[in-house]
Amino acid sequence: MLFSLISCRPSASKQMPKDLAEQVSVMRIVEQKARYYDSYPATTIALKEVDLRGGVNGYITGIYFKEGSVVRQGQKLYEIDRSKYEAAYDEAKANVEIAQANLEKVQHDFDRYTVLGKADAIAQQKLDYAAVDLSNAKMGLVTAKAELVKARTDLDYSLISSPFDGTIGISQVKMGSLVTAGQTLLNTISSDDPMGIDFQIDQTELNRFHALESLTAENADSVFRVSLPGGNPYPVPGLIYFIDRAVDPQTGTIRVRLAFPNREGELRPGMSCNVRVKSDNSAPVILIPMKAMTEQMGEFFVFRISGSIAKEIKIVPGRRVGDQVIVPSGLASGDSIVVEGIQKLHDGSRIRITGDASPGSKNNQH
């Protein structure tokens, strides 16, 4: 009885390698095109923005808008006490008329003295005095007209109008507030549509973005997209508005500004968002599932199939695309790798394939 038990052990041990083979699912690698987006933190910015300041001194006597409302170009917004500026304009206008009348009189005298001088009927000195009076009268008219322009300008500056269509903010002054010319901030207006979005790119990406400057609304094909705060996608694509003139030597980055239509007013200046730029990579790449990788001390590995053995090989992962990752180095088209069951494997593990996750395989079809 003892002999028979011993004699059975060799046959049992022959079965152990097969029983110890780990069950795994594999995937055969084929090169394919990958569509992905590069993401950049960004900030919305008005393409046009201006601080309104009074151009003349005086007290606010009129406010003609609702704070936070849309205003139109040329719309009257503020009035600074106009009484003294209207009076100064009327006075300057009268002075021009007086100077004009004086010039006409002096011109008439000069013309008359010139005729008399040709007939030697008048002293040359009187003619010289007439010429000086004429010159002074002309300069007087020039001066009066300059004062009229200045008075007209001051009168115009006592009314502050919107320089463009946009949204006006909270008023920094109230009725009766004293305004100092060129100093007192009244309000800020920013344009709404289109809206700019600024972000930084590395200097190594300049050629790529210069190539995208030629895109138009017809051929942009959603190259530039925006994710709003909270992750909500903005529905309309944008275009490059400009690329800044210089690279920041401290960071090696350069600013890019995009322009996005904003007819619904969903974008506001100062919002934090993310710009997503579609990859221009049209060459086939190797894509593998993220779950097929293991990490050890900052290095990444996969198990490549060689017969019934799983060999652990080092790879260099690249950009992540959804739940997959591009592998630019370490794998080749036609390789088979383990995608399920890697937790039980080590380099040289025997395996038994129980599933195929290759693209197009029956086991991978839904």
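Numbering of residues begins at 1 and proceeds along the displayed sequence.
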Enquirer: Indicate yes or no for a side-chain donor-acceptor contact from Arg82 to the backbone of Leu155 under 3.5 Å, with no hydrogens or angles considered.
Expert: yes

Enquirer: For the CZ atom of Phe301 and the CD atom of Gln296, what is their distance to the nearest 0.5 Å?
Expert: 5.0 Å

Enquirer: Are there more than 12 heavy atoms of other residues, nucleotides or ligands under 6.0 Å from atom CZ of Phe300?
Expert: yes

Enquirer: Between the side chains of Glu22 and Gln343, does any donor sit under 3.5 Å from an acceptor?
Expert: no

Enquirer: Taking all non-hydrogen atoms of both residues, which atom of Pro317 and which atom of Val325 are closest, and how far apart?
Expert: CB-CG2, 3.9 Å

Enquirer: For residues Ala46 and Ser191, report the shortest heavy-atom separation together with the two atoms involved.
Expert: CB-O, 3.7 Å

Enquirer: Is there a donor-acceptor pair closer than 3.5 Å between any side-chain N or O of Tyr78 and the backbone N or O of Leu186?
Expert: yes

Enquirer: Going through the checks in order, is the side chain to side chain contact (heavy atoms under 4.5 Å, CB included) test met by Val302 and Ile313?
Expert: CA-CA 6 Å; Val302 296; Ile313 64 166; 3.7 Å; yes

Enquirer: Give me the atom names and distance for the closest heavy-atom approach of Ala144 to Asn95.
Expert: CB-O, 3.8 Å

Enquirer: State, yes or no, whether a side-chain contact exists between Ile201 and Phe199 at a heavy-atom distance under 4.5 Å.
Expert: yes

Enquirer: How long is the straight-line distance from OG1 of Thr188 back to CG of Asp51, given to the nearest 0.5 Å?
Expert: 4.0 Å

Enquirer: Report yes or no: do Ser336 and Arg28 form a side-chain donor-acceptor pair below 3.5 Å?
Expert: no

Enquirer: Run the numbers on Asn57 and Thr180 for side chain to side chain donor-acceptor pair (under 3.5 Å), then give the verdict.
Expert: CA-CA 5 Å; Asn57 299 323; Thr180 301; 4.8 Å; no

Enquirer: Please check if any side-chain donor atom of Asp111 sits under 3.5 Å from a side-chain acceptor atom of Gln107, or the reverse.
Expert: yes

Enquirer: Have a look at Tyr40 and tell me which of Arg276, Glu205, Gln200 forms a side chain to side chain contact (heavy atoms under 4.5 Å, CB included) with it.
Expert: Glu205

Enquirer: Within the side chain of Asp335, is there an N or O that forms a donor-acceptor pair under 3.5 Å with the backbone of Ile29?
Expert: no

Enquirer: Measure from the side-chain N and O atoms of Asp193 to the backbone N and O of Asn262, and report whether any donor-acceptor pair falls under 3.5 Å.
Expert: yes

Enquirer: What closest approach, in Å, do Ile243 and His210 show between heavy atoms, and which atom pair accounts for it?
Expert: CD1-ND1, 3.7 Å

Enquirer: What are the two closest heavy atoms between Glu67 and Ser171, and how far apart are they?
Expert: OE2-N, 2.7 Å

Enquirer: Are side-chain heavy atoms of Lys105 and His108 found at a separation under 4.5 Å?
Expert: no

Enquirer: Report yes or no: does Asp347 contribute a side-chain atom to a donor-acceptor pair with the main-chain N or O of Glu312 at less than 3.5 Å?
Expert: yes

Enquirer: Checking Lys76 against Tyr64: charged group under 6.0 Å from the ring centre and within 45 degrees of the axis?
Expert: yes

Enquirer: Is the NZ or CZ atom of Arg257 positioned over Tyr241's six-membered ring, under 6.0 angstrom from the centre and within 45° of the axis?
Expert: no

Enquirer: I need the minimum non-hydrogen distance between Gln75 and Val70, along with the two atoms involved.
Expert: OE1-O, 4.5 Å

Enquirer: Do you see a donor-acceptor pair shorter than 3.5 Å between the side chains of Asp192 and Thr167?
Expert: yes

Enquirer: Taking Thr44 for the side chain and Gly270 for the main chain, is one N or O donor matched with an acceptor at less than 3.5 Å?
Expert: yes

Enquirer: Using a 6.0 Å cut-off, check whether atom CZ of Arg112 has over 12 heavy atoms from anything other than its own residue.
Expert: yes

